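All values derive from a computational prediction rather than experimental measurement. For the numbers below, each heavy atom of this structure counts, side chains included, while hydrogens, waters and symmetry mates do not.
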Amino acid sequence: MILEKIKKPNDIHKIALSDFPILAEEIRDFLIESVSKTGGHLASNLGVVELTMALHNVLDLPNDKIIWDVGHQAYTHKILTGRKEGFQNLRMEGGISGFPKRKESKCDSFDTGHSSNSISAGLGYVRARDLLGQKHHVVSVIGDGALTGGMAYEALNNAAELKTNFIVVLNDNNMSISKNVGGMSSYLGSLRTSEAYTGFKLGVTKNLKKIPKVGTSMVDAVRRTKSGIKQLFIPGMLFENMGLTYLGPVDGHNMRQMMKLFNEAKRVEGAVVVHVLTQKGKGYTPASIHPDRFHGTGPFDIKTGRPLDVKEASSYTDIFSKTMIKLGEEEKRLVAITAAMPEGTGLKRFGKAYPDRFYDVGIAEEHAVTFAAGLALGGMIPVVAVYSSFLQRAVDQILHDVCMQNLHVIFAIDRAGLVGADGETHHGCFDLSYLSMMPNMTVLAPKNRWELEAMLAFAVKHPGPCAIRYPKGDAYQGLEEFRAPVEYGKSELLWRGREIAVLAAGSMAETCVQVCGTLKERGYHPTFVNARFVKPLDTALLDELAKDHHLFVTVEENVKNGGFGEHVAAYLEACHPDVRALTIAIWDRFIEHGSVSGLRAKIGLTAGNIVRAIEEYEV
């Protein structure tokens with residue numbers, strides 16, 4: 001196997017060009033076989049095999065720098081830099097990450113996981129290189145879906161001022177996670193179909209270069225002139241009108257063409273965009289037909305493409321999806337917004353049921369939130385459905401555009417808490433902290449599936465900003481007998497004891513059932529409270545329990561700093577200084593990838609961990 005010759009960075013330079021197609025096929029076979037066992041991001045990686053090989057062949061790593069936007073397409077990059085053996089533990093605790101990680105390899109130039117930041121990071125690398133008098137190349141690889149993010153344009157605007165080389169590779173597969181939307185998608189679509197222009201350009205370039213001595217300089221002059229040949233065939237060339245050199249589009253599965261264009265790009269004195277057309281999921285039929293399903297997948301059967309770990313239980317996302325359909329029928333002003341994730345957030349069904357009230361704004365979380373603010377001011381009730389990790393990108397918009405105006409915007413925050421294999425870039429461990437600090441914001445967390453439905457119904461009626469956070473995975477079906485109506489700022493007292501009160505926030509209610517059961521077995525008489533509202537605190541209940549409890553134990557799947565427990569502790573210190581508070585939360589650090597159960601055990605969030613912490617505190 002040719003792949004066996006790849007042991008370390010730059011080994012691809014030793015492979016004959018005639019063997020590149022074979023190597024590409026072997027890499028695809030390896031990726032399919034490996035990800036079928038471990039799960040991971042498959043479709044995006046299958047689409048960039050040749051692109052990655054071409055880049056590695058024209059670059060010298062780690063001296064040259066490649067910054068992968070988002071990073072879920074970097075598996076081939078990891079293989080070509082000598083990490084093939086690590087794929088047996090891909091995204092597992094102690095194994096290699098599914099994203100670029102600088103601590104894994106010097107060839108990983110930037111830790112990524114979120115979208116639209118690669119050009120900014122690459123531009124920083126370029127400026128540092130020039131200031132230090134270095135000569136290496138810097139390449140940012142960004143997908144067409146990520147170009148819907150405003151940060152990418154901020155970086156391109158600055159990159160246009162460069163007088164030294166900076167290469168931006170636009171990996172255009174017409175997909176983000178789901179199908180791309182918006183003006184940029186339409187614009188790139190017009191470029192993809194401009195074969196007449198591309199053919200004409202290559203012909204003119206080839207003939208000009210034949211002119212002795214001055215041919216190459218003439219080509220460069222034409223290319224860098226805004227009113228050049230391109231303008232005659234494609235009006236309003238966005239990139240060149242911004243002051244960037246544009247090369248392409250080129251077939252992203254033709255390595256010779258790409259290498260030729262990449263070498264040409266290396267000679268440009270300034271920022272250059274190389275437009276590469278790829279097919280997401282290429283080489284594996286199920287992934288090419290359904291690239292959204294194979295964006296991030298669990299273990300699957302290679303022959304059929306069907307997942308191996310099919311579960312019948314409904315997830316919180318499923319519950320949200322079904323409840324939105326019901327609420328949309330009852331409330332005609334209800335509208336839904338997603339940032340390029342209609343399926344992941346569960347809004348795809350809402351979009352089919354109420355297409356006029358559904359908006360996919362692309363990978364643009366900041367815009368999604370302020371767009372929702374405008375909808376609310378216009379008389380609608382917008383629901384912004386987003387993963388917790390990605391909502392961090394819109395903190396300013398939530399604070400300034402929604403909360404400051406006290407607008408009726410609902411945030412449905414999926415994947416809150418630990419998410420497992422995607423690791424620190426995707427854990428939703430900060431939302432309770434940054435949302436709780438915002439005036440006018442109401443923050444809720446359901447204990448089970450029924451309570452998510454009830455909280456959504458409450459949020460539709462509540463007049464101000466409201467955030468409901470719920471975890472990834474199967475919805476908890478326990479504690480179904482407790483169905484007190486959701487009332488503003490009121491916790492739910494599940495059972496009354498004395499001395500020790502256990503207050504669970506959202507997803508930790510299931511764990512705290514076990515905690516309280518074990519405490520009872522050991523002679524304690526705990527009170528069990530389902531907090532429901534992280535903000536505002538139910539101070540009336542805290543005052544009541546303070547009369548005959550000496551210890552309050554708060555349990556949350558959020559960082560300790562600024563979280564639910566710290567708010568409870570601060571209130572007790574101010575109003576009931578004789579009552580102690582024990583805060584069980586996530587450490588003040590970023591948590592690596594691994595299984596959710598394994599990570600909880602590691603950071604002290606299992607029932608056994610919590611019971612031990614209580615008993616040690618009581619001694």
Side-chain angles (χ1 to χ4, degrees), residues 9-10 48 51-52 54-71 73-74 77 80-81 99-144 146-172 184 220-221 223-226 237-248 250 258-276:
N10 300 317
V48 298
L51 167 58
T52 309
L55 279 175
H56 276 250
N57 193 58
V58 302
L59 297 175
D60 174 27
L61 300 181
N63 184 46
D64 292 328
K65 312 299 178 186
I66 304 177
I67 298 99
W68 299 93
D69 203 282
V70 184
Q73 76 283 55
H77 166 77
L80 294 178
T81 50
F99 297 91
K101 285 287 178 288
R102 291 179 303 124
K103 69 180 183 181
E104 263 187 30
S105 170
K106 292 182 179 180
C107 296
D108 289 358
S109 301
F110 199 78
D111 292 1
T112 52
H114 287 188
S115 171
S116 310
N117 58 6
S118 62
I119 304 176
S120 297
L123 183 56
Y125 259 114
V126 169
R127 292 297 194 187
R129 174 198 67 193
D130 296 346
L131 287 169
L132 295 173
Q134 299 169 346
K135 299 297 182 182
H136 57 268
H137 293 284
V138 178
V139 180
S140 292
V141 184
I142 186 168
D144 52 319
L147 275 185
T148 61
M151 187 176 179
Y153 296 97
E154 297 172 23
L156 285 171
N157 182 58
N158 275 194
E161 300 175 352
L162 281 176
K163 304 301 181 185
T164 57
N165 185 254
F166 174 34
I167 302 171
V168 177
V169 176
L170 171 54
N171 171 32
D172 182 0
M184 176 50 69
D220 291 339
R223 178 178 296 119
R224 294 184 62 79
T225 300
K226 287 187 179 180
M237 283 298 300
L238 173 66
F239 300 112
E240 294 213 351
N241 283 343
M242 292 180 69
L244 307 163
T245 299
Y246 172 85
L247 300 178
V250 63
M258 280 189 290
M259 287 185 285
K260 180 178 180 181
L261 213 57
F262 290 151
N263 279 320
E264 193 173 336
K266 288 165 64 177
R267 294 192 291 269
V268 174
E269 294 183 357
V272 53
V273 175
V274 183
H275 186 183
V276 180

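The CG atom of L61 lies 9.0 Å from the CG atom of L55; values are rounded to the nearest 0.5 Å. Interatomic distance, M151 CE to S120 OG, rounded to the nearest 0.5 Å: 3.5 Å. Expressed to the nearest 0.5 Å, how far CG of L247 lies from CE of M258 amounts to 14.0 Å. We find the CZ-CG distance between F262 and N57 to be 11.0 Å, quoted to the nearest 0.5 Å. Residue L80 holds its CG atom at 9.0 Å from CD1 of I66, rounded to the nearest 0.5 Å. Atom NZ of residue K65 and atom CG of residue L59 lie 11.0 Å apart, to the nearest 0.5 angstrom.
Closest approach of V274 to L261, counting heavy atoms only: CG1-CD2, 3.8 Å. The minimum heavy-atom distance between A152 and I119, with the atom names listed, is O-CD1, 4.1 Å. A pairwise comparison of heavy atoms in I67 and A121 identifies CG2-CB, 4.3 Å as the closest pair. For the pair S140 and G122, the tightest heavy-atom approach, listed with the atom from each and the gap, is OG-CA, 3.5 Å. H275 and D172 make their closest contact through NE2-OD2, 2.7 Å (heavy atoms, listed as atom of the first residue, atom of the second, distance). Residues Y246 and E240 share a closest heavy-atom pair of N-OE2, 3.2 Å.
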- Task: May I have the step-by-step check of side-chain contact (heavy atoms from CB on, under 4.5 Å) for R127 and L162, ending in yes or no?
- Result: CA-CA 9 Å; R127 292 297 194 187; L162 281 176; 3.6 Å; yes
- Item | Residue pair F166, V268: steps toward the side-chain contact (heavy atoms from CB on, under 4.5 Å) verdict | CA-CA 8 Å; F166 174 34; V268 174; over 6 Å; no
- Message: Walk me through whether F239 and V168 qualify under side-chain contact (heavy atoms from CB on, under 4.5 Å).
- Response: CA-CA 11 Å; F239 300 112; V168 177; over 6 Å; no
- Task: Run the numbers on K101 and D108 for salt bridge (Lys or Arg N to Asp or Glu O under 4.0 Å), then give the verdict.
- Result: CA-CA 6 Å; K101 285 287 178 288; D108 289 358; over 6 Å; no
- Message: Quick one, V70 with T112, criterion side-chain contact (heavy atoms from CB on, under 4.5 Å). Give me CA distance, side-chain angles, the key distance, then yes/no.
- Response: CA-CA 5 Å; V70 184; T112 52; 5.9 Å; no
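Scored by the ring-ring contact (aromatic ring centres under 6.0 Å, His included) test, H114 finds F390 as partners (sequence neighbours excluded). Applying the ring-ring contact (aromatic ring centres under 6.0 Å, His included) test to H77 and every residue at least two apart in sequence or in another chain returns H56, W68.
N165 contributes a side-chain N or O that, together with a main-chain N or O of A265, makes up a donor-acceptor pair within less than 3.5 Å. Although no hydrogens or angles enter the test, the distance criterion places no donor-acceptor pair under 3.5 Å between the side chain of Y125 and the main chain of H137. Remark: the backbone N or O of G71 is paired with a side-chain donor or acceptor of Q73 at under 3.5 angstrom. Distance alone, capped at 3.5 Å, places no donor-acceptor pair between the T81 side chain and the P9 backbone. Judged by distance alone, the side chain of N263 and the main-chain N or O of M259 form a donor-acceptor pair under 3.5 Å. Side-chain N or O atoms of D69 include none that pairs as donor or acceptor with a backbone N or O of S115 at under 3.5 Å.
Side-chain atoms of V169 and V139, non-hydrogen and from C-beta on, do get closer than 4.5 Å to each other. Looking at heavy atoms from C-beta onward, N117 lies in side-chain contact with F110 at the 4.5 angstrom threshold.
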